[in-house]
Amino acid sequence: MKHNYLLLLLAMFTLSFTACNKDEDITFDPKAKLNFSTDSVLFDTVFTSIGSTVRRVKVFNYNEKAINIDNIKIGGGANSPFSMNVNGQQMVQGKNIKINGKDSINILVKVLINPTAQNQPFIVEDSILMFFNGKKEKMPLVAYGQNANFLKNITINSHTTWDSKLPYIIYNSLTIPENVSLNIAAGSRVFFHNGSTMNIKGTLTAIGTPKDTILFASDRTERIYEEEPGQWNGLHFYGSSKNSVINHATIKNGIAGITVDSLSSNSNPKLVLANTVIKNMQVVGFLGYHTQLVAYNNLFYNCGQYLIYGIGGGTYDLAQNTFAAYNYSFARRSPAVFLSDFISAKEFASLNATLTNNVIWGSLEDEFTVEKKSNAVSVVEVKNNLIKSSQQAYANNGNLINTDPLFINPRQGNFKINDNSPAINKGNSLLTHPYFSIYLFKDLLGKERLFPSELGCYEKN
């Protein structure tokens, strides 16, 4: 009897051991998923010399059955700066890696970069690719390519100044809170990763010079991305923002270059925009909701819908700007400059706009539209502008209607005017303008402005 009992125990132990160690069934269900400890691998260490950094990722199989990864590899192969170690095995590519049900594996990702190599992009990207059950999973890998100040989801909590020694790379967002200021020095470069935004709830002061302009652009600096729209969100000025100035800058390759959603809270302009180029925006160069904008000597071009779109009323002083609605990336159907007193039946206000010595030109029949849909009292003065428009009402006050300004080479982004341009010496004197001695006495390139001036942002004297 005792012998039979021992045999029974031995049989049960053997059965239990075998059950625990046999290979699990593998599911080939295309709906089976793998989960990851992060949706991307970000190497945010500031590299100061050639070196490597390692990040760990866990891959979870929450299914009851095992999943077999047929192939796992670094997308860029052996030439990639990234490499990986899967469950202790160093590899660029691996096959038939099994993850049991309710289990996980570890992947160590390593990057080796020389951040002093100036020919590298600021952001180096690749991905880990996994193929299983007839589908592909992709995990992005992102790292610095050069020395930079890397800022991810940062809120500046005190008055701050950025110098021009190293570029700044914003990942996700940077916020300037109410009553806090950020001063950006001449020659600085501010790059934004895909989908990133600068939120201005305090004060932004970005003052460059004609030779040392300030750049706001995408972090993809390779040639194929150099003029590509829609790579970051833009600069957003909120209701609490005040006293902001952008002078001698370039803002390019975003979705909406500048968004301002309210009027000034004091007697100063909410935003002064001067001597700045805004280009390659997927939707709009400047987007205003019942707001205030003073804009002098700026060049706007190549935006998906509008160069300036201001609705819900507000106050606009636009002088000596060139709005060139030439689109080489988009099929545009909306005017270059659109101003309206209306948002909805409950959201409308008076529109007070003064346009002087601007060029508003493009490929559509009407490149300048003022819409008055409410009973608010609006005052719009349009003097000494060159305008593409079917509205003959603008054919007075020194305006030129439907007369080609004769830009030198729009396709190459050269919107200076030819020697025989009708815009020469057609500008109204701005000597008494309150901002003449600060922003309007010279053109976009720093050339002295003489009256009668040329229309637009460039002088020819």
Side-chain angles (χ1 to χ4, degrees), residues 151 154-164 168 170 173-192 196-209 212-217 232-252 254-278 281 284-300 307-310 312 314-321 352-353 433-435 438-440 444:
L151 305 167
I154 293 294
T155 297
I156 297 172
N157 292 316
S158 60
H159 300 306
T160 301
T161 297
W162 288 356
D163 60 35
S164 60
Y168 296 82
I170 295 175
S173 69
L174 181 135
T175 299
I176 307 169
E178 185 175 1
N179 297 321
V180 173
S181 63
L182 171 61
N183 179 58
I184 301 179
S188 296
R189 293 166 294 163
V190 185
F191 295 106
F192 295 81
S196 297
T197 311
M198 180 180 286
N199 302 307
I200 301 101
K201 300 178 181 180
T203 300
L204 172 65
T205 304
I207 300 178
T209 69
D212 290 310
T213 60
I214 295 170
L215 176 63
F216 298 89
W232 58 290
N233 291 341
L235 310 177
H236 191 156
F237 293 81
Y238 287 81
S240 59
S241 68
K242 59 185 179 182
N243 304 335
S244 291
V245 177
I246 300 175
N247 189 18
H248 286 297
T250 295
I251 305 171
K252 68 175 188 174
I255 295 175
I258 296 175
T259 301
V260 188
D261 60 14
S262 57
L263 290 170
S264 176
S265 61
N266 57 30
S267 60
N268 297 324
K270 190 175 187 73
L271 171 64
V272 175
L273 180 68
N275 301 298
T276 291
V277 177
I278 297 181
M281 294 297 159
V284 61
F286 175 89
L287 175 60
Y289 298 98
H290 185 54
T291 192
Q292 179 183 25
L293 171 68
V294 296
Y296 312 126
N297 287 335
N298 301 293
L299 170 62
F300 286 71
L307 300 181
I308 285 194
Y309 182 74
T315 304
Y316 294 83
D317 182 18
L318 311 179
Q320 299 285 176
N321 301 287
N352 297 291
H433 191 286
Y435 285 100
I438 304 175
Y439 302 112
L440 286 164
L444 174 61

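Aromatic ring pairs are classed by plane angle as parallel below 30°, tilted from 30° to 60° and perpendicular above 60°; the pair Y435 and H433 is tilted.
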Quiz prompt | Derivation of the side-chain contact (heavy atoms from CB on, under 4.5 Å) call for H248 and I214 | solution = CA-CA 7 Å; H248 286 297; I214 295 170; over 6 Å; no
Discussion item. Pair I200, L271 - check side-chain contact (heavy atoms from CB on, under 4.5 Å), show working.
Written reply: CA-CA 11 Å; I200 301 101; L271 171 64; over 6 Å; no
* **Test side-chain contact (heavy atoms from CB on, under 4.5 Å) applied to V190 and I170, step by step** => CA-CA 7 Å; V190 185; I170 295 175; 3.9 Å; yes
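Closest approach of F286 and T291 over heavy atoms only: CZ-CG2, 4.1 Å. The minimum heavy-atom distance between F191 and L215, with the atom names listed, is CE2-CD2, 3.9 Å. Of all heavy-atom pairs between I156 and V180, the closest is O-CG1, 3.6 Å. When every heavy atom of P269 is checked against every heavy atom of Q292, the shortest pair comes out as CA-OE1, 3.5 Å. Here the closest non-hydrogen pair linking M281 and I255 is CB-O, 3.8 Å. Taking both residues in full, the closest heavy atoms of N233 and T197 are given as ND2-OG1, 2.7 Å, listed atom of the first, atom of the second, then distance.
Judged by distance alone, the side chain of D261 and the main-chain N or O of G239 form a donor-acceptor pair under 3.5 Å. Put simply, the side chain of T276 never gets that close to the backbone of N298: no donor and acceptor are under 3.5 Å apart. Panel note: side chain W232, backbone K252; a donor-acceptor pair is recorded below 3.5 Å. Looking at N199, its side chain never comes within 3.5 Å of a backbone N or O of H236 through a donor-acceptor pair.
Counting heavy atoms from C-beta outward, L235 and F192 have side chains that approach closer than 4.5 Å. I154 has its side chain out of reach of Y168: every pair of non-hydrogen atoms, C-beta onward, lies at least 4.5 Å apart. The shortest distance between side-chain heavy atoms of W162 and L151 falls below 4.5 Å. In this structure, I308 and L318 have side chains that are in contact, with non-hydrogen atoms separated by less than 4.5 Å. Proximity of I184 to L204: side-chain heavy atoms (C-beta onward) are separated by under 4.5 Å at one or more points.
Rounding to the nearest 0.5 Å gives a distance of 8.0 Å between OG1 of T155 and NZ of K201. For the atom pair I176 CD1 and L182 CG, the distance stands at 4.5 Å (nearest 0.5 Å). A distance of 6.5 Å separates OG1 of T203 from NZ of K242, quoted to the nearest 0.5 Å. In this structure, CG in L174 is found 10.0 Å from OG in S196, a value given to the nearest 0.5 Å. For the atom pair I246 CD1 and N275 CG, the distance stands at 12.0 Å (nearest 0.5 Å). Here the CG-OG1 distance, from N157 to T175, works out to 10.0 Å after rounding to the nearest 0.5 Å.
Environment of OH in Y238: crowded, with over 12 heavy atoms of neighbouring residues, nucleotides or ligands closer than 6.0 Å.
With L293 as the fixed residue, the side chain to side chain contact (heavy atoms under 4.5 Å, CB included) test singles out one of V260, D317, L273: L273. K270 pairs in a side-chain hydrogen bond (donor to acceptor under 3.5 Å, both in side chains) with only one of the listed residues (S264, S241, S244), which is S241.
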